[in-house]
Amino acid sequence: HQPEGLEQLLARTKFTKKELQSLYRGFKNECPSGLVDEETFKLIYSQFFPQGDASAYAHFLFDAFDADRNGALCFQDFAVGLSVLLRGSVQQKLKWAFDLYDINKDGCISKEEMLEIVTSIYDMMGRCTHPPPRAGVPAQHVELFFQKMDRNGDGVVTFEEFLETCQK
């Protein structure tokens, strides 16, 4: 898979030419074909969390990076997402996080979506959490999240509510 030109990536990201070249070398080293499918992404990501099961959270992350929704991450997807996370404005970072939580991409976060994400984080952390979480703790976190975020009490969190609360 051939990446888009360096000039286009320089325009689409906040990385320097040297940084992009270095990122590309690392990417190609891990993924010689130039594309990463979800299973490979999960394997790579799970190495960072050997004490838990990172597969569910890695699935959500994969979807967030797969901007063109084609089921594979190319270097452009990776570089653009990383640029937002590392060098984006607060609003860009919050939009990226919101999109991660908005699993069905309908423009709002439901309690069910948030519970899936929070549960996947607990699964990923595994034995690292002290004390180990009791049953129901993820649901309690979701309730607290909605108490803070769901400003109009309609049961979903819009990007505007998410942005406003996070900025406060």
Side-chain angles (χ1 to χ4, degrees), residues 13-15 23 26-27 30-31 36-74 76-168:
T13 67
K14 293 186 174 159
F15 292 123
L23 281 171
F27 187 88
E30 288 293 320
C31 316
V36 181
D37 64 16
E38 186 172 338
E39 286 311 305
T40 305
F41 183 84
K42 284 180 179 178
L43 285 172
I44 293 167
Y45 194 76
S46 66
Q47 292 172 17
F48 297 104
F49 299 93
Q51 72 285 350
D53 178 2
S55 60
Y57 189 73
H59 166 75
F60 298 130
L61 267 184
F62 181 87
D63 278 355
F65 273 102
D66 185 15
D68 53 9
R69 304 266 171 266
N70 67 354
L73 298 184
C74 61
Q76 295 89 282
D77 292 334
F78 177 70
V80 169
L82 206 55
S83 176
V84 169
L85 290 174
L86 296 176
R87 309 242 166 103
S89 68
V90 169
Q91 184 155 352
Q92 289 169 324
K93 289 176 184 180
L94 288 173
K95 177 73 172 119
W96 197 93
F98 181 87
D99 290 343
L100 172 72
Y101 296 134
D102 181 13
I103 297 169
N104 67 3
K105 309 302 177 217
D106 68 352
C108 54
I109 302 169
S110 68
K111 285 186 179 181
E112 294 77 20
E113 287 171 316
M114 182 55 66
L115 184 58
E116 280 191 62
I117 297 281
V118 170
T119 301
S120 75
I121 292 169
Y122 274 95
D123 290 346
M124 178 175 64
M125 297 310 294
R127 297 181 304 275
C128 270
T129 54
H130 295 287
R134 299 172 320 282
V137 169
Q140 290 171 349
H141 278 178
V142 170
E143 285 306 318
L144 288 171
F145 173 88
F146 270 77
Q147 284 173 20
K148 288 184 175 137
M149 295 278 181
D150 185 12
R151 318 286 275 184
N152 63 2
D154 65 353
V156 294
V157 174
T158 63
F159 178 64
E160 291 70 29
E161 290 171 316
F162 184 81
L163 182 64
E164 185 182 328
T165 308
C166 288
Q167 288 179 325
K168 284 185 177 171

Atom [atom1] of [X] and atom [atom2] of [Y]: how far apart are they, to the nearest 0.5 Å?
X	Y	atom1	atom2	answer
E113	Y101	CD	OH	12.0 Å
D63	N104	CG	CG	11.5 Å
S46	D53	OG	CG	8.5 Å
I103	E116	CD1	CD	4.0 Å
L163	M149	CG	CE	9.5 Å
S55	E39	OG	CD	8.5 Å

What closest approach, in Å, do [X] and [Y] show between heavy atoms, and which atom pair accounts for it?
X	Y	answer
S89	K14	N-NZ, 4.3 Å
D77	A67	OD1-N, 4.0 Å
K93	L85	CE-O, 3.2 Å
F98	G107	CZ-O, 3.5 Å

Minimum side-chain heavy-atom gap [X]-[Y] below 4.5 Å:
X	Y	answer
F162	E160	no
L100	L61	yes
L82	L23	yes
K42	F62	no
V80	F15	no
F159	D99	no

Using atom types as modelled and distance alone, determine if a side-chain donor or acceptor of [X] lies under 3.5 Å from a backbone N or O of [Y].
X	Y	result
D66	L73	no
S83	A79	no
E161	D150	no

Taking distance alone, no hydrogens or angles, what donor-acceptor pairs closer than 3.5 Å link side-chain atoms of residues 137-146 to residues at least two apart or in another chain?
| unit_1 | atom_1 | unit_2 | atom_2 | d |
| --- | --- | --- | --- | --- |
| H141 | ND1 | Y122 | OH | 3.0 |
| E143 | OE1 | K111 | NZ | 3.2 |
| E143 | OE2 | K111 | NZ | 3.3 |

Which residues satisfy the side-chain contact (heavy atoms from CB on, under 4.5 Å) test with V84, sequence neighbours excluded?
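side-chain contact (heavy atoms from CB on, under 4.5 Å) check on V84 returns Q92, W96.
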List the residues meeting side-chain contact (heavy atoms from CB on, under 4.5 Å) with E112, not counting sequence neighbours, and say none if there are none.
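Residues passing side-chain contact (heavy atoms from CB on, under 4.5 Å) with E112: S110.
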Ignoring hydrogens and geometry beyond distance, is a side-chain donor-acceptor pair present between D37 and T40 at under 3.5 Å?
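There is such a pair (donor and acceptor under 3.5 Å, judged by atom type) between the side chains of D37 and T40.
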Go through the steps to decide whether I117 and F60 satisfy the test side-chain contact (heavy atoms from CB on, under 4.5 Å), and finish with yes or no.
CA-CA 8 Å; I117 297 281; F60 298 130; 3.4 Å; yes
Fit a plane to each ring of Y45 and F41, take the angle between them on a 0 to 90° scale, and name the class: parallel (under 30°), tilted (30 to 60°) or perpendicular (over 60°).
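Geometry flag for F41 against Y45: parallel rings.
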Report, as yes or no, whether the 6.0 Å neighbourhood of atom CD on E164 holds more than 12 heavy atoms from other residues, nucleotides or ligands.
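It does: E164 CD has more than 12 such atoms within range.
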